[in-house]
Undergrad: 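Shown below is the structure under consideration.
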Protein chains: 2
Amino acid sequence: MAVTIKDVAKLAKVAPSTVSRVIANSPRISEKTKKKVRKAMEQLGYHPNFIARSLASQYTQAIGLVMPSSTDVVFQNPFFPTVLRGLSEGAHENQYALTMTTGKTEEQIFEGVVQMVQGRRVDGVALLYSKVEDKVLTYLQDQKFPFVVIGKPFKNVEEITHVDNDNFRAAKEATEYLISLGHERIGFVGGNLNLVVTVDRLLGYEKALREAGISLANEYIIHEEFLREGGQEAVNALISLEKQPTALVVADDLMALGILNTFDEMGISVPDDMSIISFNNVLLSEMSRPPLTSVDINIFALGYEAARSLIEKIENPKEPVKRIIIPHELMIRSSCGQPKINNRIII
Amino acid sequence: MAVTIKDVAKLAKVAPSTVSRVIANSPRISEKTKKKVRKAMEQLGYHPNFIARSLASQYTQAIGLVMPSSTDVVFQNPFFPTVLRGLSEGAHENQYALTMTTGKTEEQIFEGVVQMVQGRRVDGVALLYSKVEDKVLTYLQDQKFPFVVIGKPFKNVEEITHVDNDNFRAAKEATEYLISLGHERIGFVGGNLNLVVTVDRLLGYEKALREAGISLANEYIIHEEFLREGGQEAVNALISLEKQPTALVVADDLMALGILNTFDEMGISVPDDMSIISFNNVLLSEMSRPPLTSVDINIFALGYEAARSLIEKIENPKEPVKRIIIPHELMIRSSCGQPKINNRIII
DNA sequence: TTGTACGCGTTATCAG
DNA sequence: CTGATAACGCGTACAA
């Protein structure tokens, strides 16, 4: 059996409770005994047992991460390693551990969350996605269990602490950028409409067009699952139109890659024949040909702030609901070509 | 406070220990009392407290995942979401939870592992990487703590349970494939030599050349950090050679993407002027232009089997050391062109 | 400033 | 088949 607080106490000739207080660095212990106890801990190679501590103190110093369905293509997105990194850093800085749960079906995920929460395995939960009508979210609200969502909650936005980008504005700006380049027939390719982020970006796109006096065309708006196949189908639909768009707002870098590919196979040149702007600015977006103009949403910060705000909420339950908006930034590369109007390049 | 085993006991009019046995589904409890107790649990919405259970039973039903340094570019690799998926599934099937730890520096990672292990937060640990001289690995061995590594351990291969591909053979076959296509000047671009996988693949490459009677050329072997910049520098070095290689074995898909890009910028055509074969077959390898011929190493299976074998080891400490080799498969796409000898395409 | 004693929610041992 | 009772390792009133 491992060395416990009692062993340390015995060696240091103090009571176990004293050792406990030294660990907690209680100010009511004299420096002298602290030194003595610490030396004993050192000698024995003592490490506190988190489990026992959790049971006694009723908190675990761990936060639970809920990932989207692992079968979902979204899961393959480089987005996740990056949020994880942010969450990990935010958690680490506050000495919190990370426990994650996934599942193939929604039901499995839900079960996993219930286990984490009811089993008291974690002090709080971070949802790494946001979709409409989410059972998990409702459950957490009912339980009044501390949680934060990365992305914008589908409803009750005012009551749920969340970390998000202003995706509406980001999409609006992206679209406006295309408009400023002289485009008027602009298409939108989005992912699953169940994801709130898709909706937000769609709305921003529409708003920009409306403000510019460009009428919306339903056939310019397409939704496909993220990634490769999605890209292909989207392109086919778009290309078969009589009046083809000259530019595309694509809701995700990976999907944009797929689209880029399909265009290439069809001999359609990006950006000469078609401009593309997308979102997330994952590492790959600068590795494509042409490199993608993409809206950087600062994924790392999303994770980092999520961890921080969640921990804040855990440690101070009275903390008010917060909405943290991470700034975005348009990264201009080559997929929209040089700025031009009437085919004349502007300098 | 949440509902406990005692509350259930009271309602069902039995002793707490009986409830505990019902939870464990002990065969020594009559069906009648089981029913009665279960009904009470249902009524009260009882969920067992994992923490308390862990303390009493000395096992946590959780496994710890150790990721490589989060600052490392490797971390961005789509490899990780996929192993995670495998691990998650393997763990889930056995009702194990997943706890992860990362860190910016090696020291941080090490600390995290010590916390997990000594803090008794997990029953076993999976290392999601394998590098030379790893402090973490040594520590786990010293502690005789159950663990498994994904990849091949640097040393003591016979004493460490691990899940790996036969990267030596995979690289040999990949190289042989290029040779069979008529190539003789074949370069190798690998990542960090601290990673065992890099070494294995390099050795396989060399073996294939030797067996084919092709002499090794040092200037054909390049090591760069994975990913974009690495690709560029590698290409520059290769291109400036008097006798340029006609084909490249690249140790990672992402790096191959970077290389592909650089070639494109330089006006060098893949596969016409240069063939490329790489490893891992991540989703992106089919999305590049040209789509990459890549060795599929079945990343999901790596994770899945790692979880399974780790859990096996946890639940049966006498389990012998195991080496699990996941089969690989060459996915032929377009980056090596059509098979040809002496410039004549074979059909 | 330190020690004693109890409780956290379970499992496990030992009677019965 | 079931019920007391004692751990598990630590935190914390309360007492000293």
Side-chain angles (χ1 to χ4, degrees), chain A residues 1-38 40-41 44-62 95 115-123 315, chain B residues 1-38 40-41 44-62 95 115-123 315:
Chain A
M1 205 51 34
V3 25
T4 80
I5 215 173
K6 288 184 192 164
D7 303 319
V8 177
K10 206 168 293 172
L11 180 63
K13 295 188 209 294
V14 295
S17 55
T18 302
V19 179
S20 175
R21 284 190 265 259
V22 172
I23 295 171
N25 200 14
S26 160
R28 315 186 318 189
I29 298 285
S30 75
E31 274 309 319
K32 209 169 65 186
T33 30
K34 275 188 187 175
K35 279 229 172 63
K36 193 171 58 181
V37 170
R38 291 207 177 104
M41 300 199 307
L44 297 174
Y46 170 78
H47 279 266
N49 182 319
F50 273 96
I51 301 296
R53 170 182 295 183
S54 296
L55 186 58
S57 65
Q58 302 288 40
Y59 63 82
T60 62
Q61 289 269 65
Q95 333 271 33
Q115 297 254 331
M116 284 206 305
V117 172
Q118 306 278 13
R120 297 281 176 254
R121 269 197 146 127
V122 296
D123 296 331
E315 298 186 345
Chain B
M1 207 49 36
V3 24
T4 80
I5 216 174
K6 288 182 192 164
D7 302 320
V8 176
K10 208 169 291 172
L11 180 62
K13 294 189 210 294
V14 295
S17 52
T18 301
V19 178
S20 175
R21 285 191 266 257
V22 172
I23 294 171
N25 200 13
S26 159
R28 314 186 317 189
I29 297 284
S30 75
E31 273 309 318
K32 210 170 67 186
T33 31
K34 276 189 186 175
K35 280 229 171 66
K36 194 170 59 180
V37 170
R38 291 207 176 104
M41 300 199 307
L44 297 174
Y46 169 78
H47 279 267
N49 182 320
F50 275 96
I51 300 297
R53 169 181 297 182
S54 295
L55 185 58
S57 66
Q58 302 287 42
Y59 63 84
T60 62
Q61 289 269 68
Q95 333 270 34
Q115 298 254 330
M116 285 207 305
V117 172
Q118 305 278 13
R120 298 279 176 253
R121 269 198 147 128
V122 297
D123 296 330
E315 298 187 345

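Chain letters run A, B, ... following the sequence lines, proteins first, then strands; residues in each count from 1.
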Undergrad: On a heavy-atom basis, which atom in A/Arg28 and which in A/Arg21 lie closest, and how many Å separate them?
TA: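 Smallest interatomic distance, heavy atoms only, reads NH2-NH1, 3.8 Å.
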Undergrad: A/Arg28 has an atom CZ; how far is it from atom P of D/dA16, in whole Å?
TA: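 In whole Å, D/dA16 P and A/Arg28 CZ are 16 Å from each other.
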Undergrad: Which listed nucleotide (D/dG3, C/dG9, C/dT11) is nearest to the side chain of B/Ala15?
TA: D/dG3
Undergrad: With a sphere of 6.0 Å drawn around NZ of B/Lys36, does it hold more than 12 non-hydrogen atoms of other residues, nucleotides or ligands?
TA: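 Yes, NZ of B/Lys36 has more than 12 neighbouring heavy atoms, counting only those of other groups under 6.0 Å.
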Undergrad: NA contact type, A/Thr33, heavy-atom cut-off 4.0 Å: base, sugar-phosphate, or nothing?
TA: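 The residue A/Thr33 makes sugar-phosphate contact but no base contact.
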Undergrad: With respect to the phosphate group of D/dG11, does any side-chain polar atom (N or O) of A/Arg53 fall under 4.0 Å of OP1 or OP2?
TA: yes
Undergrad: Could you check how far CG of A/Asn25 sits from P of C/dT2, rounded to whole Å?
TA: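 That distance rounds to 13 Å.
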Undergrad: Please give, in whole Å, the distance from D/dC1 C1' to B/Lys13 NZ?
TA: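 One finds 20 Å between C1' of D/dC1 and NZ of B/Lys13, rounded.
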Undergrad: Taking the minimum atom-to-atom distance to the side chain of A/Arg21, which one of D/dG3, D/dC10, D/dA13 wins?
TA: D/dA13
Undergrad: Nearest whole Å is fine: how far is C/dT11 C1' from B/Ile5 CD1?
TA: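 Whole-Å distance recorded here is 8 Å.
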Undergrad: Does B/Tyr46 put a side-chain nitrogen or oxygen below 4.0 Å from OP1 or OP2 of C/dT10?
TA: yes
Undergrad: Taking the side chain of A/Ser57 as its heavy atoms from C-beta onward, which of D/dG11, C/dG9, D/dT2 lies nearest to it?
TA: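 Selected nucleotide: D/dG11.
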Undergrad: Look at the side chain of A/Ala52 and decide which nucleotide, out of D/dC10, D/dT2, C/dG3, has an atom nearest to it.
TA: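 Looking only at side-chain atoms, A/Ala52 lies closest to D/dC10.
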Undergrad: Grab the two heavy atoms, one from B/Thr60 and one from B/Arg120, that are nearest each other, plus how far apart they are.
TA: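 What the structure gives for the nearest pair is CG2-O, 3.1 Å.
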Undergrad: Both A/Leu55 and B/Pro16 contact DNA chain C. Taking the nearest nucleotide for each, which residue is further toward the 5' end?
TA: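 By nearest-heavy-atom nucleotide position, the 5'-most residue is A/Leu55.
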Undergrad: Whole-Å distance between C/dG9 P and A/Gln118 CD?
TA: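 The answer, rounded to whole Å, is 13 Å.
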Undergrad: Please confirm whether the shortest side-chain N or O distance from A/Thr4 to OP1 or OP2 of D/dC8 is below 4.0 Å.
TA: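 For D/dC8, OP1/OP2 do not have a side-chain N/O of A/Thr4 under 4.0 Å.
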Undergrad: Considering all heavy atoms of both residues, which atom of A/Val37 and which atom of A/Val14 are nearest to each other, and what is their separation?
TA: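 Of all heavy-atom pairs spanning A/Val37 and A/Val14, the closest is CG2-CG2, 4.0 Å.
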Undergrad: Between B/Gln58 and D/dA7, is there a contact of a side-chain N or O with OP1 or OP2 at under 4.0 Å?
TA: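 So the side-chain polar atoms of B/Gln58 never come under 4.0 Å of the phosphate oxygens OP1 or OP2 of D/dA7.
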Undergrad: I want to verify a distance call: between D/dC1, C/dG7, C/dT2, whose nearest atom is closest to the B/Ser30 side chain?
TA: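 Comparing D/dC1, C/dG7, C/dT2 against the side chain of B/Ser30, the answer is D/dC1.
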Undergrad: On the nucleotide D/dT5, are OP1 or OP2 found under 4.0 Å from the side-chain N or O atoms that B/Ser17 carries?
TA: no
Undergrad: Between C/dC8 atom P and A/Ile51 atom CD1, what is the distance in whole Å?
TA: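 One finds 18 Å between P of C/dC8 and CD1 of A/Ile51, rounded.
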Undergrad: What is the minimum heavy-atom distance between B/Gly119 and A/Asn49, and which atoms define it?
TA: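 Smallest heavy-atom distance, with atoms named: O-OD1, 3.7 Å.
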Undergrad: Send over the distance from A/Asp7 CG to D/dC8 P, rounded to a whole Å.
TA: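 Checked: the CG to P distance equals 11 Å.
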Undergrad: Between atom CZ in B/Phe50 and atom P in C/dG9, what is the gap in whole Å?
TA: 16 Å
Undergrad: Identify the two heavy atoms, one from B/Met41 and one from B/Ile23, that lie closest to each other, and give their separation to 0.1 Å.
TA: SD-CG1, 4.2 Å
Undergrad: Could you check whether B/Val14 gets within reach of a base, just the sugar-phosphate, or nothing at all, counting any heavy atom under 4.0 Å?
TA: sugar-phosphate
